[in-house]
Amino acid sequence: MTEAEQIQAKFDELIASCRERLPLTKTEEEDITRAFNMAREAHDGVRRKSGEPYIFHPLAVAKIAIEEVGLGPVAAICALLHDVVEDTEISLEQIRILFGDRVALIVDGVTKIDFASEHLQQGMAKGSDGSHQAENYRKILLAMCDDVYVIFLKLCDRLHNMRTLGSMKDTKKLAISSETQYLYIPLAHRLGLYSIKTELEELVMRYTNPTRYAEITEQINASAGTEALLQECLYKPIRESLDANGYQYSLKTRIKTAFSCWKKMENKGVEFDEIYDLYAMRIILDTEDKAECFKVYQLITSRFRPNLARTRDWITSPKTNGYESLHTTIMSPIGRWVEVQIRTRQMDEVAEKGMAAHFLYKEAHPGEDVKGDTTVEEWLQQIRSTLENTEKSALDLVEEFKETLYTKEIYLFTPKGETIKLPSHSTVLDFAFAIHTQLGFNCMGAKVNTKVVPPSYVLHSGEQVQVISSKKIEPDEGWLEMCRTSRAKEHIREFLRKQRKSYRLEGEHKLQEILEELNIKPAEDTIPRLKRYFNYPSKTDLFYHIALDEIDKQAIGQCFGIYRKSHTSIIPQAHSPFLLDKDHERLESYAASCCKPVQGDEVVGIIDGSRVAIHRSNCPHAMHEMSTHEEHTVKAQWRLGEKVKLLAGVSLTSIDRQGILKELTQVITSEMALNMRAITLEASEGIVKGTILLYVDNLGMLNDLISNIQSIEGVERVARM
């Protein structure tokens, strides 16, 4: 088959999917065909990194939109055209003339901003932090408020890009995966697109944590025999019971993904064999009578013992994204727990396609009141009001928006009985700022249900809170770590900005004195050089830290090469265990303290002023930086044959017994001859929890240590920090 024939065959598959799934009119089919012809001509001769014709990508995105999300003809047209304005000579106005305002609006929404334009650079939002990615996120999200198809198509686009990421260079794989983790997975979650969210999580893990992904995938594949046994001893009897009681239904089974297993193991501190819901089955009833779900639940639990602690009724109380289902976990005859989900056909549609199902129904029934419509519209309006703020940087706005994606809400009461609604995990400090800004600035704690607690106390729904304040109290940098809400954080940042401005003159004067002592003549690049070296975004930040003597004569002399650097935590590049790409090989590199990579870890470099911090590739800090400042990403790898001891940490949980500390130190210092930096153990109610910091040569040594500690009697769990 020729290439042209392959392209035509893929388009024929798309049209066949549209005809099968949609009430496709002749006019709509003609419009889809015109869009395909325009895209094919516009992308003619262009190839993807994989070598295949570029037109394969918009065809695949259109097919995902139709088959996996369930969108309509407009989505197919927009998917086919979604890259032509960005990558070809075709203008938005041409699309508007040929396909109408809505298609033009959606295509414009998914088109990236051109940051090559000097005019546009000058017109970036006030307070911009220079994150081009954040500016694009903001543009996409604002466009979503006008037409939610924008974000549906961006998710389809991202899913296909992740599916075909293998042909990209390593740093690009990490950057795109981090961006996906940062924004697109939370969006898929909030929109209820469960299957897309699940696949994106799986693909991100494959590229950011490949070793762990391979290990867990191997364990899942090894359990195939158990799945076959369950088919015979559990799934088959349940089918027989449903058939005998006259139910019309479909039954699906699944085994948990590698990402879901890893997340459960990390969060719960369990091993693979201890995962309760590794296996699951879904019963989808051909009825809209919700009461039937509870009858089926009784039918199943009368035959198989349920775990009552793991029963969830999302029918009586649906999730915020509209999800409804009845969950329970039952014990199978072979001794394995299996999760059972029971739902109606409509519930399943919403569960799989979330808000997409809502909007499709709304389009198919114009003018009809749609359940949940008000909630959805209010959410979109909230997004618009957040993102249209011109006083904040795009990155701050996107961070604020992200808070709404996973957030559950709690309800709190003032001493007068007034209700205050806050995101879950909010603190006393968040509550104080929600009442009044000045109360937040002066907050020193609170009485929660008559008990005195600090500002960092995490509140729970139903609690009554009385803020304790003092005019002698004022915010510092540490307060930002105690807040959950963007409102509190923004007020604290603004306070700190004003505070720093007040120190500016003092800092300028101190810097002038230091430069004179060092015989450095101030020049045009003096301040920019200091900002880059100390990694401060503004002159105000620089002068503030000089005023507080956090940047002294020694440090400034090092910046200008007068004094030799003495950072004990930094390994000089000549002796660094890391190799950087040719564009950055002259920069100094060091192991990041947040994730403490050791030899054998997959690593990535992140530019940190005039140096490069080396992180584990799945480090949350590194992934956040790659998702918002991709240009800071540096390809890095371990230097072959280089042996260097790097600081690592493990956490452990054990039964409290006499001699546990002695046995731990015996394993670490005597058996493995490791240099221990610190050990902390705390005992409470018969349980010991602790952390150990030590120096290791490589990942294999760290894994051996974990295994050896795990073998000590009474130790329940050991994990890398």
Side-chain angles (χ1 to χ4, degrees), residues 181 201-202 204-206 208-220 222 256-278 591-603 614-624 645-657 660-669 671-672 674-721:
Q181 180 72 55
E201 288 171 335
E202 193 82 345
V204 165
M205 185 183 180
R206 179 188 296 176
T208 61
N209 200 354
T211 303
R212 200 74 181 101
Y213 177 82
E215 288 172 357
I216 296 175
T217 299
E218 186 177 343
Q219 288 175 299
I220 290 171
K256 213 170 184 65
T257 63
F259 172 83
S260 295
C261 290
W262 172 76
K263 200 71 176 173
K264 181 66 68 76
M265 292 160 75
E266 291 288 307
N267 291 344
K268 302 293 185 182
V270 298
E271 296 301 317
F272 181 82
D273 292 338
E274 299 174 271
I275 297 175
Y276 269 111
D277 55 348
L278 182 63
S593 59
C594 53
C595 56
K596 296 181 173 59
V598 298
Q599 198 153 38
D601 284 325
E602 299 281 342
V603 293
I614 306 299
H615 297 258
R616 285 151 66 182
S617 60
N618 63 332
C619 168
H621 288 107
M623 291 182 71
H624 182 276
K645 292 191 179 295
L646 291 169
L647 189 65
V650 295
S651 62
L652 65 94
T653 303
S654 172
I655 303 298
D656 189 11
R657 64 174 178 81
I660 186 72
L661 177 59
K662 181 180 178 181
E663 289 188 40
L664 282 170
T665 54
Q666 173 78 16
V667 166
I668 296 166
T669 58
E671 294 181 18
M672 298 194 67
L674 296 177
N675 181 13
M676 188 162 51
R677 175 169 161 178
I679 181 168
T680 304
L681 297 178
E682 291 184 4
S684 177
E685 298 179 349
I687 299 295
V688 170
K689 291 189 176 182
T691 58
I692 305 168
L693 295 178
L694 35 72
Y695 293 92
V696 297
D697 289 344
N698 52 53
L699 185 60
M701 185 178 288
L702 182 60
N703 288 336
D704 287 345
L705 171 68
I706 290 171
S707 178
N708 289 342
I709 293 176
Q710 186 74 63
S711 65
I712 295 174
E713 184 183 354
V715 173
E716 294 292 317
R717 178 178 184 263
V718 189
R720 182 177 180 181
M721 288 167 60

Leu699/Thr211 under side chain to side chain contact (heavy atoms under 4.5 Å, CB included): CA gap, chis, key distance, verdict: CA-CA 11 Å; Leu699 185 60; Thr211 303; 5.6 Å; no

Asp601 and Arg720: CA distance, side-chain angles, deciding distance, side chain to side chain contact (heavy atoms under 4.5 Å, CB included) verdict: CA-CA 12 Å; Asp601 284 325; Arg720 182 177 180 181; 2.6 Å; yes

Derivation and outcome, side chain to side chain contact (heavy atoms under 4.5 Å, CB included), residues Leu278 and Phe272: CA-CA 9 Å; Leu278 182 63; Phe272 181 82; 3.9 Å; yes

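Counting heavy-atom neighbours within 6.0 Å of Arg657 CZ, excluding the residue itself, gives a total above 12. Within 6.0 Å of NZ in Lys689 there are 12 or fewer heavy atoms belonging to other residues, nucleotides or ligands.
For the atom pair CG of Leu652 and CD1 of Ile660, the computed distance is 7.5 Å after rounding to the nearest 0.5 Å. Rounding to the nearest 0.5 Å gives a distance of 12.5 Å between CH2 of Trp262 and CD of Glu215. Atom OG1 of residue Thr217 and atom CE of residue Met205 lie 7.0 Å apart, to the nearest 0.5 angstrom. In this structure, the separation between CE on Met623 and CG on Asn209 is 9.5 Å, given to the nearest 0.5 Å. Atoms CD and CD, from Gln181 and Glu201 in turn, are 7.0 Å apart once rounded to the nearest 0.5 Å. To the nearest 0.5 Å, the span separating CD on Gln599 from CG on Asp697 amounts to 8.0 Å.
With a 4.5 Å cut-off on side-chain heavy atoms, Glu716 and Ile655 count as touching. Ile275 places a side-chain heavy atom less than 4.5 Å from the side chain of Met265. Side-chain contact check for Met672 versus Met701: some heavy-atom pair is nearer than 4.5 Å. Counting heavy atoms from C-beta outward, Leu647 and Arg677 have side chains that approach closer than 4.5 Å. The shortest side-chain heavy-atom distance between Leu661 and Ile679 falls under the 4.5 Å cut-off. Side-chain contact between His615 and Cys594 is present, with at least one heavy-atom pair separated by less than 4.5 Å. Taking the side chain as every heavy atom from C-beta outward, Tyr213 and Glu202 approach each other to under 4.5 Å. Taking 4.5 Å as the limit, every side-chain heavy atom of Ile712 sits out of range of all side-chain heavy atoms of Val718.
Minimum heavy-atom separation, Ile706 to Ala719: CD1-C, 4.4 Å. Counting all heavy atoms, side chain and backbone alike, Gly649 lies closest to Leu693 at CA-CD2, 3.9 Å. Residues Lys596 and Ala648 come closest through the heavy atom pair CD-CA, 4.1 Å. Contact detail for Leu664 and Ile709: the closest heavy-atom pair is CD2-CG2, 3.7 Å.
Residues passing the side-chain hydrogen bond (donor to acceptor under 3.5 Å, both in side chains) test with His624 are Glu399, sequence neighbours excluded. Considering only residues two or more places apart in sequence or on other chains, Glu266 meets the side-chain hydrogen bond (donor to acceptor under 3.5 Å, both in side chains) condition with none of them.
Ser654 contributes no side-chain N or O that, together with a main-chain N or O of Val688, makes up a donor-acceptor pair within less than 3.5 Å. The backbone N or O of Ser617 sits nowhere less than 3.5 Å from a side-chain atom of Thr208 that would complete a donor-acceptor pair.
When each of Asn708, Val650, Ile692, Asn675 is tested with Ile668 by the rule side chain to side chain contact (heavy atoms under 4.5 Å, CB included), just one qualifies, namely Ile692.
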